[in-house]
Amino acid sequence: MAVAQCNYEPSGNSAIRLVKSNKYHVLQEEDFAWWKVRDLEGNEGFVPSTYLRKLFLNEDEPRENSSVSEQTAEEQSMAQHDWYAAGISRAQSEQLLHQKGKEGAFVVRKSSQAGIYTVSVLSKFHESKKGIVKHYHVHKTPENKYYLTENHCFETIPKLIYHHQHNSAGMVPRLRHVVSTQINKVPATASLGNGIWELKREEIVPLRELGSGQFGAVHLGKWKGQYDVAVKMIKGGVMSEDEFIAEAQTMMKLNHPKLVRLYGVCSKLYPIYLVMEYMPNGSLLSYLQIHGKELQPLQLLEICYDVCDAMAFLESCQLIHRNLAARNCLVDSNLTVKLSDFGMTRYILDDLYVSSLGTKFPVKWSAPEVFHYTKFSSKSDVWAFGILMWEVFTLGKQPYELYDNMQVIEKVSQGYRLYRPQLVSDITYQIMYNCWHELPEKRPAFHQLLSFFEVLREDSRP
């Protein structure tokens, strides 16, 4: 048996729907990326294995269910505190704390071990100027009290944290500086993004400009004076609007943790507003160029995993990105990387990426079948993903920096490929290189790449 960890909507006849928390019989798992399962109503089909968690025979279901409800209650009490960062990994917590750079900077996060919480704290009492991050598991006594050091036990984790904020009590150092990943984002329960397509312009207040791209300026905005959103302002004459609006309604329904949410539009006046999820750390490209030297190879691998996860989802929905690159990925407050601008390139009337041949595409990220025949597919996205991996591991360098677009087309057609970056292991470079096979059918699919990354992540953990 296995339980679904999140919802999954099938895109083909061979797949079935997964509903979060429902149980399924696992019938075949020879392909480690796709399992054949049967739901409790007797429907059978293939689903991504990453959406499922196995239930083993010795698992006591009533106890598991009670621990889930208890954990939810504990999480609810912690979620009210700025120091709780539920979804971040060990590597992300270390990066956040090093960025803060203060003795005693800390976050509380979920451990990789189910049901366990970890306090991650930066200690500067070390030879390294940057200091080191120490990770303390929160333990439980038989009486269900929480502790970090055995002589100091508390009824709740918030009470435990409060104590260690004022007393080191055996910890080095005391918890002194909260590092918060919480900004006032739009909650899942808000009406914004729940099927309301045309938003009221007067409820969206643009604040400061965050940057500009091929569509127009992007502003940090407030919705109803309360929630942070990103507002893309589309100028008249920049976009083929009717076609885009039809497509964007489809984009708005896509819901995946590694995709930037599109909440709705204000389309009745110019400039048109696209109201999107706010990502406080900006584009992945600029993040790599500014903070890249602070990142470890495992963290760079995590970035590639996040993007691949989003692309595997688009692939399962039979959607093509067409403009996959580091500049079109965004970084959240907890350093999760999310995919943006999927599918929008088609509707730009004045594209910055027009090639010397007059065709619209970003040449240095394009597969041979794109610049020869303008043939886009999920396999041309795979090629672009290989280029994005190269951007990540070179910390934001320009691909083929010595060549112009026409030279790139000529050299790639002759078999030239980007060199191996210094920070890339042989096996990771092989994955990257496989994305650049001349024949699209020889390139791996995104769900296969996702499986490779999961193996690499496990092998790379200390």
Side-chain angles (χ1 to χ4, degrees), residues 6-7 79 85-88 92 96 180-201 203-234 244-245 247-267 271-287 302-303 305-314 317 319 321 323-344:
C6 55
N7 294 332
I88 68 171
Q92 287 172 323
L96 284 169
S180 175
T181 62
Q182 299 179 18
I183 59 169
N184 204 17
K185 282 197 169 188
V186 176
T189 54
S191 58
L192 188 63
N194 288 351
I196 300 171
W197 168 243
E198 185 71 32
L199 302 173
K200 294 178 180 176
R201 187 176 286 256
E203 291 183 350
I204 309 292
V205 180
L207 302 174
R208 60 185 171 86
E209 186 172 319
L210 298 171
S212 59
Q214 62 265 46
F215 307 108
V218 183
H219 286 73
L220 170 63
K222 284 284 183 186
W223 176 57
K224 291 188 173 179
Q226 186 176 6
Y227 298 114
D228 294 300
V229 291
V231 183
K232 287 193 174 185
M233 298 184 179
I234 312 297
F244 167 69
I245 293 291
E247 177 78 7
Q249 286 180 314
T250 301
M251 289 166 55
M252 188 175 156
K253 295 172 186 172
L254 296 175
N255 191 4
H256 187 275
K258 304 294 172 58
L259 291 180
V260 175
R261 290 291 308 277
L262 172 62
Y263 294 129
V265 301
C266 303
S267 65
I272 292 174
Y273 288 179
L274 296 185
V275 183
M276 312 188 78
E277 180 181 2
Y278 171 54
M279 301 287 283
N281 277 312
S283 82
L284 173 59
L285 181 61
S286 62
Y287 188 85
E302 289 281 341
I303 289 171
Y305 176 84
D306 283 347
V307 178
C308 189
D309 193 13
M311 290 304 301
F313 173 76
L314 290 187
C317 299
L319 294 172
H321 191 290
N323 198 5
L324 183 57
R327 65 184 169 271
N328 288 328
C329 299
L330 298 172
V331 186
D332 208 345
S333 54
N334 61 9
L335 307 187
T336 299
V337 176
K338 298 190 182 187
L339 198 56
S340 182
D341 290 345
F342 29 97
M344 291 175 72

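The first residue in the sequence is number 1, and the count goes up from there. Heavy-atom basis, side chains included; hydrogens, waters and symmetry copies ignored.
Residues satisfying the side chain to side chain contact (heavy atoms under 4.5 Å, CB included) test with Ser283, not counting sequence neighbours, are Leu285, Ser286, Leu330. Here Tyr273 pairs with nothing under the ring-ring contact (aromatic ring centres under 6.0 Å, His included) rule; sequence neighbours left out.
With rounding to the nearest 0.5 angstrom, the CG atom of Leu274 is 11.0 Å from the CE atom of Met233. Interatomic distance, Lys222 NZ to Tyr278 OH, rounded to the nearest 0.5 Å: 9.5 Å. For the atom pair Arg261 CZ and Asn255 CG, the distance stands at 4.5 Å (nearest 0.5 Å). Atoms NZ and OG, on Lys232 and Ser340 in that order, are 4.0 Å from each other to the nearest 0.5 Å.
Closest approach of Leu259 and Leu314 over heavy atoms only: CD1-CD2, 4.1 Å. Taking every heavy atom of both residues into account, Val307 and Cys329 meet most closely at CG2-SG, 4.0 Å. Counting all heavy atoms, side chain and backbone alike, His321 lies closest to Met311 at CB-CE, 4.0 Å. Nearest heavy-atom pair across Cys317 and Leu254 is SG-CD2, 4.4 Å. Scanning both residues, Val260 and Glu277, for their nearest heavy atoms gives CA-OE1, 3.6 Å. Taking all atoms of both residues into account, the shortest heavy-atom contact from Arg208 to Leu210 is NH1-CD2, 3.4 Å.
Ile303 has its side chain out of reach of Val331: every pair of non-hydrogen atoms, C-beta onward, lies at least 4.5 Å apart. The shortest distance between side-chain heavy atoms of Lys258 and Leu339 does not fall below 4.5 Å. In this structure, Arg327 and Leu284 have side chains that are not in contact, with every pair of non-hydrogen atoms separated by 4.5 Å or more. No side-chain heavy atom of Trp223 sits under 4.5 Å from any side-chain heavy atom of Val275. Using a 4.5 Å heavy-atom threshold, the side chains of Val265 and Glu198 count as touching.
For the pair Arg201 (side chain) and Cys266 (backbone), a donor-acceptor distance under 3.5 Å is present. No donor-acceptor distance shorter than 3.5 angstrom exists from the side chain of Asp332 to the backbone of Met279, with no hydrogens or angles considered.
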